[in-house]
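In listed order, ligands and their atoms are each counted from 1. Quantities reported herein were computed from a predicted structural model and do not represent experimental measurements.
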Amino acid sequence: MLRDLISRNRSCRRFHQEVGIELETLRELVDLARLSASGRNLQPLKYILSCDPERNALIFPHLGWAFHLKDWPGPAEGERPSAYIVILRDTAITRSPSCDHAIAAQSILLGAREKGLGGCMIGSVQREGLRKALGIPPRYDVLLVVALGKPKEKVIVEAVGPSGDTRYWRDSEGVHHVPKRSLDDIIVG
Ligand SMILES: Cc1cc2nc3c(=O)[nH]c(=O)nc-3n(C[C@H](O)[C@H](O)[C@H](O)COP(=O)(O)O)c2cc1C
């Protein structure tokens with residue numbers, strides 16, 4: 001079951017924007033992050049939740065979408081995320097970098113997928129712009145944004161071809177293809 005959930009947990013970037021996500025659902029997802037691993041168990045992550053259209057509209061302009069889809073500026077109005085979870089580091093707890101936020105984001109996305117939702121981790125964030133837009137105090141570093149919604153796109157995992165190109169791509173039907181390296185390629189010893 002875990003393999004199936006992880007296999008289905010593809011990054012999704014187009015959504016049925018009209019389908020809302022409840023604040024309680026976001027709280028349940030953050031609770032999965034809360035229970036996840038944390039370096040030295042410091043638990044420095046804090047979260048901002050957004051599921052109303054006005055707040056969502058403040059967040060969206062500060063996000064970068066799909067680096068490899070050069071002709072695609074990101075989801076159009078109507079296909080944008082219905083919710084966001086902004087992951088912060090509370091520098092009053094630690095200033096040290098860690099990978100806690102990626103683990104938290106994965107827990108959130110797996111939980112979302114289990115609920116029939118989908119999403120995408122966004123590391124390409126205009127951090128100072130987002131800080132201003134949401135009034136985030138200097139005490140918090142913006143680490144990652146998780147965009148969430150009801151998926152509106154089909155995503156297929158495929159093997160990396162002989163060229164070794166790992167760039168994802170979208171076909172003429174709008175299906176998103178994600179090349180993954182083979183197991184034998186990644187086990188080196
Ligand atoms: C740390 C991290 C940051 C990412 N940042 C972005 C981003 O800024 N914009 C985006 O569209 N996708 C982003 N992604 C999603 C990746 O592009 C995606 O994971 C990759 O294409 C593989 O697809 P998959 O998640 O379906 O396996 C990020 C993923 C990770 C793990």
Side-chain angles (χ1 to χ4, degrees), residues 2-15 17 29 32-33 36-39 44-45 47-48 50 56 58-77 79-89 96-131 133-134 141-161 163-171 173-183 185-186:
L2 185 58
R3 192 179 201 289
D4 175 60
L5 184 61
I6 290 175
S7 298
R8 287 188 292 113
N9 184 38
R10 303 276 54 88
S11 293
C12 173
R13 300 179 179 86
R14 285 170 293 171
F15 305 92
Q17 188 175 339
L29 295 176
L32 299 178
S36 300
S38 172
L45 302 181
Y47 301 87
I48 293 173
S50 176
N56 288 348
L58 292 176
I59 296 172
F60 179 81
H62 305 287
L63 308 180
W65 294 89
F67 179 82
H68 293 305
L69 303 183
K70 296 296 183 197
D71 296 335
W72 188 63
E77 185 62 44
E79 296 188 335
R80 292 183 180 166
S82 310
Y84 298 95
I85 297 175
V86 181
I87 306 182
L88 309 170
R89 177 195 295 120
S96 303
S98 76
C99 51
D100 285 20
H101 52 293
I103 295 169
Q106 180 74 346
S107 296
I108 288 167
L109 285 171
L110 288 172
R113 188 55 70 163
E114 195 184 47
K115 291 175 185 293
L117 300 170
C120 189
M121 290 183 211
I122 306 284
S124 171
V125 181
Q126 293 164 21
R127 288 177 168 74
E128 283 318 301
L130 185 64
R131 180 187 295 286
L134 295 181
D141 292 338
V142 176
L143 299 177
L144 261 184
V145 176
V146 182
L148 295 162
K150 182 172 178 233
K152 197 183 179 180
E153 69 181 4
K154 189 173 172 193
V155 182
I156 293 177
V157 169
E158 59 197 19
V160 169
S163 71
D165 193 346
T166 59
R167 285 176 295 182
Y168 47 80
W169 57 286
R170 203 177 276 172
D171 68 25
E173 316 262 272
V175 176
H176 186 84
H177 296 252
V178 184
K180 293 286 184 190
R181 299 188 203 281
S182 74
L183 193 54
D185 271 355
I186 61 172

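Here the NZ-CD1 distance, from K180 to I186, works out to 9.5 Å after rounding to the nearest 0.5 Å. Atom-to-atom distance recorded for D141:CG and I87:CD1 is 13.0 Å, nearest 0.5 angstrom. In this structure, I108 CD1 and M121 CE are separated by 9.0 Å, a value rounded to the nearest 0.5 Å. One distance of note links CG of L110 with CG of L5; it measures 5.0 Å at 0.5 Å rounding.
Residues with a heavy atom under 4.0 Å from ligand 1: R10, S11, R13, G64, W65, A66, C120, M121, I122, G123, S124, Y168, V178, K180.
The minimum heavy-atom distance between P151 and G116, with the atom names listed, is CD-O, 3.7 Å.
Legend: side chain to side chain donor-acceptor pair (under 3.5 Å) pairs involving residues 152-161, not counting sequence neighbours, sorted by first then second residue: R14-E153, E79-K152, E158-W169, E158-H177.
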